Structure formats: C-alpha cells, structure tokens
Enquirer: 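Encoded as structure tokens, here's the structure I'll be asking about.
So that the names make sense, note that chain A is the first sequence line, chain B the second, and so on, each numbered from 1. Quick caveat, the model's predicted, so the values are computed rather than measured.
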There are 2 protein chains.
Amino acid sequence: MPKSLIYDVAQRAGVSIKTVSRVVNNEPNVRENTREKVLAVIKELNYRPNASARKLASQKSYLIALLYDDPSLYDNPSSNYVLNLQQGALRICKSETYDLLIHPCDYRDKNLNQEVSSLIHNSRVDGLLLAPPLSDQKSLIETIAATDTPFALISPGNKTLTPLSVFTNDREVSAEMTEYLAFLGHKKIAFIKGDPEHKALQERYSGFKDGMRNSGLKIEKNFVKNGDNSFGCGELFAKQLLSLKNPPTAIFCCNDDMANGVLRTAYKMGIKVPDSLSVAGFDDIPLAEQTNPSLTTIRQPVRSMTEHALEILMDKVKNRESKISPDDLLIKAKLVIRESTGKAPS
Amino acid sequence: MPKSLIYDVAQRAGVSIKTVSRVVNNEPNVRENTREKVLAVIKELNYRPNASARKLASQKSYLIALLYDDPSLYDNPSSNYVLNLQQGALRICKSETYDLLIHPCDYRDKNLNQEVSSLIHNSRVDGLLLAPPLSDQKSLIETIAATDTPFALISPGNKTLTPLSVFTNDREVSAEMTEYLAFLGHKKIAFIKGDPEHKALQERYSGFKDGMRNSGLKIEKNFVKNGDNSFGCGELFAKQLLSLKNPPTAIFCCNDDMANGVLRTAYKMGIKVPDSLSVAGFDDIPLAEQTNPSLTTIRQPVRSMTEHALEILMDKVKNRESKISPDDLLIKAKLVIRESTGKAPS
DNA sequence: AAGAATTACGACAGCGCTGTCTTTAGTTTA
DNA sequence: TAAACTAAAGACAGCGCTGTCGTAATTCTT
C-alpha cells in the first residue's frame, strides 16, 4: 500500500488540495456531496495526512503533554494510577488526532519549573495536563500560565484555583469513611497523614476531622501521625500506635501503601485485623484486594477523571465552547468496604 | 525568549543555514572552530530546531513506538514493570532527540496485527520496541518485519529468533531458584506455571525442570499447575496443593502475583510461611517486599534491559554500527532472598 | 609550486501540508 | 432579470528545515 498524498486524493476526487484539507479538518464551506466524495477517495486510497507537514504549516504541534509525578522514583506499588492516567489521556488524544507526550517528573525537583518550561518551548506542546501532586505546585502553575499554553489540572478539593480543573471530593469521602468507622463503634480512631505538599492528602485529613466532629468524637493528639506516604512509615507508626497503653481500635491512612504497612505491623504483633483493629486506606490500588485481610479503602475513578480533564483541555486548545457542565467537574470517590474493617472490639 | 530559527543562528555565526544544520545533526565536514562558533550561537540564542520541519524535510518521524501489553487491562499490580519500560525508553529517546510514542495493547486482541500496522503507517514511526509477551507473537513480528520498519525485541530465552533482541536468562535463573529450594532441604516442590502464550513463563518452567533434575529431584505430576498469572489462580492452586494428603513443602510460582495468592491461601489455612511452607515468586514487583512475610523472588533489571534494547534499535534506525557487544544482550536476573523461603520442615 | 585530491561550505529546491486571498458558483433581493 | 450578496472552491505562498549538488578553500602529491 503506497502512501498517498493530499494531491492524489484531490486529483482522484476532482477537487483542489485545499478542499481535501477542508474535509480532513472538518472546516466549513464544503458542499455535502463533495465532502462525501472526498471522504470516499480518502478511504479508497487509505490517505493519512502527514503529521509533520500539518504541524509545520499550521504552526501547531498537535501534542498534549501529560505531566505526573513518577512513582517509580519511590519504587512504590501505586504505579497503576499512572497507567490509568495515561490510558484516559491516550483515549481522548486519539479521538482528537492529537499525540500524547508522557512526561514523568519528580515533584520535589528544584529544577522542575525550568524543565517544564523547556518542555513547552522545545516540544511546542499545544496543551498540558497536570496530575497531582504536580497540580498543587503553585509556582509550577504560574510558570506554565506565563507561557500562555493552555493547561488543565486534576486537582483535589477546592474549586477556587482555576476554571480549567477537575476536582475530587477527597475531603467529603474521607469524612464518610471516618463516619463509617464511628458507625462500627470505633471511638479511638487514629489517622496517618501523608506528605504535606500533597494537597489531596491534606484534604483527606480535613475530611477525617470533619468526620470525627460529625460523629461527636474527638481527636486525640497522639493518634495523628505525619506520614510520608510510604509503606515503611505505615509500619513504623502502627508500631508506635499499637504499643500505646491505650491504643486506637481503628487506623485510617491517607493512602493504601501506608495502610498496608499498618497491616503488616499488626500481623507481626499478632494483632488480629479486623477483630482487634480496623484498618482503612485510600486509593484502592490493585493490591488492596490482595492483602491479608483485604483492605477497606476509597476508590477514585482515575481514568474518567483524566478523560474529563483532557476534554476540557482540548476545548481550550481548539478554542471551542466547552460542552462539559460544571457538575461533571467534580469526580466522586467511593468507599470500598473489604475485610480490614469491622465492629469495634467491645 | 523569542524562538529563534536556523536563519538567526546562521546569520549571527556568519555561516549558511546548511552549516548550522550540519552542526546540529553532527554531520561531518565542519571545521572544528566553526562548529564551536555555531554551537556557541545556538546556546546564546537558545535555538531548538523545529521538530516538524526536520521531520518533513528529512522524511523521518524521529518517533519510536513502545509496544507493551497493558497490565491495567487485568488490573494487576505489576504495572511497575511498564513504568520501568517507559522510563528506560524515555531516557534513550531523549538522548537521541527522538520522541516516544507509548502504545499499550492487548496481546490477546485478534486485530493486533492490523492495529500495529496502521500505527506504523499512520504515525510513520522510525522504529518499534516490543516488550514481552508481544515480542513472542510470531505473526505480529512478521507483520512488522514486512513493513521494513526497524524493530527490537525484549525477548526471553533463546537467541535464535533475530539479532535485534535483548535476552533474559529466565530459564537459568529459575533453575537456580529451584536448586536453592532443594539446597534448603525441600524435596516436594510444586510449580505454578503461567500463561502458555508467554514465552518467558514457559522458559521459567523449563528452568524449574532443569533445577529439579540438577538437584536429583523428580517432579510429581500433580505438583505442577497451569496458572494464568493472576493472584486468584495462585490462591486456588495453593488451596488444591495444600489440601493434598502429601502436600509440597515449597511452591515456586511463575510470577509474584500468583506467589502472593499462595501466601494468602497459606495465611487463611493457617499454614506458617516459611516454617511449614516456602514460597517463591518471580519478577520482584514492589509489593514483594511488603507481603507478610516478604517474598523471595527473582529480579529483572527491566530499565537497563529496555535501555539496551533501545540502543540497539537506535543503531539500526540511524544505520550505524552497533557498539553493543553480544555479551550485553543477555540481561541477567538475580535471586532476591526474603522471608518466604526457609529450611524444609523436618 | 602547480596540479590533483580532498575537505569545507553554500545555494537552492522541495518535503506535504495549511492560511490567505481570489475567483467562481449559487442564492437572494428588488 | 440584473444587481447584490453569500457560499463553495481554487491558486499559491510559505511553514523551517534537510538533501543534493555545485563551488571555494585546504591539503596532499610529486
């Protein structure tokens, strides 16, 4: 199958190359029957426009960059999150004939701003999508905004930042989980916080506080730990908490990795879960289904979240009215109740 | 920073645009001091060649496609593997100023051949890198070969297929693990096989057989199970094996997911690991460190494997002599001994 | 030191599209 | 039915590079 050019199509359809171009790009001012004729020839010749030529002539890149924090830098098992991001982004890009440039970063890297701005300049991307925690980095956002490149965020919590953002209800659902634990009879509930730079994780802590208040429970100071999202710190803090003379009966962790660490410590200390201790996580990584016991947690629909965010971005990139209603912007997470939570010991 | 063109650089350096082009592309026939002068100006003006223009003029795409089986289709936790693939590929691409097109596929999809050939034609990729199990799909390889597009494989086991391939020693290292179990005193060793279409997993079984033979042990028929790589089947087969009147004292699984399933069943059945049962996996997914007990397994250096494979591919794409020696083609996996294996019960 | 061989560099066309502008066909109005 | 308009289609330049080929500068011969 020899690759055909726009000229071939034009000639065979008896029109000018410009008309073919109009059809290909869905531009107006083409009569319906000529459009059909051209489309037929395109199909017949299996014509695909040369991406580089389009880009060069149109001064666009047809490229969307997906920026995310690279979990393999910490070698943790939540990489599934990234794959879901990519999948969602890929799907929308494909449907809009854009390409996707994946760009794993280290959100702690001090040169991040420079790295991203050179990405924008060198690759001349038409738009950027930022996943948390990169979407929390204020100076990064400002850097990008200064380049006038459209961007969208997957962002936790509040809606004030920018209109180009999809939001999660981390706070509300964390409150819900807390209330669920209270409902099970737990009164001594511990919380292991995550990285403070991760805004979503802060929101989860706020949600925990809400939930405790709503349940008429008060938070004991030494039941709250400052974790760093890692399995290891879940282990460590569990050891501390469970060695207390008056230990908590439930531990709610900011993410599944830490919850898994708690599970391990409980196992080692011979503390039965959920009989003597309830454990809850957040994220619903695939592993959560496979732990002993399996983990009660909270699931976020990462893929559809990403797809929404990217659709918003594409609207911006293509300068068209957004069809996404504000209601669609809030992506709701849900409790997933498994084996690691149960009635409070009496 | 206004974006500068090749003309700007040429003018400022007092040379023609062609000379600038030569410098940028590392072509010969440029005097050392003019090269330096041009490089200085490039730096000064922060010149970056327009990728689309290069592609159009050179009739190349500067694009490498990375094809892999999408683990999120099965929602399993080994997605870290993919991230490592991507990272390795990204690193080499960046250093060669190529872009990376990620292309997750379903290796069971019957339209895969067509999908890939249209990828090649539409995106006009300069080269493809296939990860297992896609690299095992004979008809896919033939399809790609027919397009004359350079490609490289990350391929298990034997070296006969093609020179453009990086190999793993799945078989040898599986034998090693088996011998290690034998060394610990185990005589009744079970094996849970993986997906038969996955060539690497077959190799692992062959290695198991080698190891048993080398240790003077014989394989009991009902100690060998045909798994499908999933956690669930690990659970299931463990239940079957451990319910035998004369159960195995060690179970070696083709991958960590299944080994993790075994661990769970043992936990549920109250069988102590490693005291009464040793369990070994393969892959060293991040989770393997976090199970209860942590998992003895085998680690493959996926990242460096990918980097090697891509370097070979780039040599082919750029039509230059490969600097990679045949010895580098064999990427060796290593045993990682953790808590799940121990002396055979006496 | 003059010619031959070689290396360094430049002029210019053209890669395959899209944007702009112009022309033609078609439709409406008076 | 002609003038005035609008919709549809075409002509053509040019996006920013690289490839080819021609010419100038340099080095190597003897």
Enquirer: Name the residue closer to the 5' end of DNA chain D, choosing between Tyr7(A) and Ser21(B) according to the nucleotide with the nearest heavy atom.
Expert: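 Here Tyr7(A) is the residue nearer the 5' end.
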
Enquirer: Counting any heavy atom closer than 4.0 Å, what does Val24(B) reach on the DNA or RNA strands: base, sugar-phosphate only, or nothing?
Expert: nothing

Enquirer: What range of DNA chain C does chain A touch, first nucleotide to last, counting atoms under 4.0 Å from its heavy atoms?
Expert: dG16(C) to dG26(C)

Enquirer: Just how far, in rounded Å, is P of dA7(D) from CZ of Arg22(A)?
Expert: 14 Å

Enquirer: Just checking Ser52(B): base, sugar-phosphate only, or nothing, at a heavy-atom cut-off of under 4.0 Å?
Expert: nothing

Enquirer: I would like to know whether Thr34(B) and Val23(B) meet side chain to side chain contact (heavy atoms under 4.5 Å, CB included); could you show each step before the answer?
Expert: CA-CA 9 Å; Thr34(B) 63; Val23(B) 171; 5.9 Å; no

Enquirer: Could you tell me how far apart Glu32(A) (CD) and dA7(D) (C1') are, to the nearest whole angstrom?
Expert: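 To the nearest whole Å, that distance equals 14 Å.
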
Enquirer: Which comes earlier along DNA chain D counting from the 5' end, the contact point of Ile17(A) or that of Asn29(A), where each point is its nearest nucleotide?
Expert: Asn29(A)

Enquirer: Between Val30(B) and Glu27(A), which residue's closest nucleotide on DNA chain C lies nearer the 5′ terminus?
Expert: Val30(B)

Enquirer: Can you see whether Tyr68(A) engages Gln86(A) through a side-chain donor-acceptor pair at a distance of less than 3.5 angstrom?
Expert: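 Distance-only check passes for Tyr68(A) and Gln86(A).
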
Enquirer: Rounded to the nearest 0.5 Å, how far apart are CZ of Arg31(A) and OG1 of Thr19(A)?
Expert: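 Here the interatomic distance stands at 10.0 Å.
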
Enquirer: Only counting residues at least two apart or in another chain, list the ones meeting side-chain contact (heavy atoms from CB on, under 4.5 Å) with Ser304(A).
Expert: Pro301(A)

Enquirer: What is the distance from atom OG1 of Thr143(B) to atom CG of Leu112(B), rounded to the nearest 0.5 Å?
Expert: 8.5 Å

Enquirer: Between the side chains of Asn84(B) and Thr306(B), is a donor N or O closer than 3.5 angstrom to an acceptor N or O?
Expert: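 Side chains of Asn84(B) and Thr306(B): no pair found under 3.5 Å.
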
Enquirer: Let me know, please, whether Pro28(B) or Arg124(B) comes out on the 5' side of the other along DNA chain C by nearest nucleotide.
Expert: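 Looking at the nearest nucleotide for each, Pro28(B) comes out on the 5' side.
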
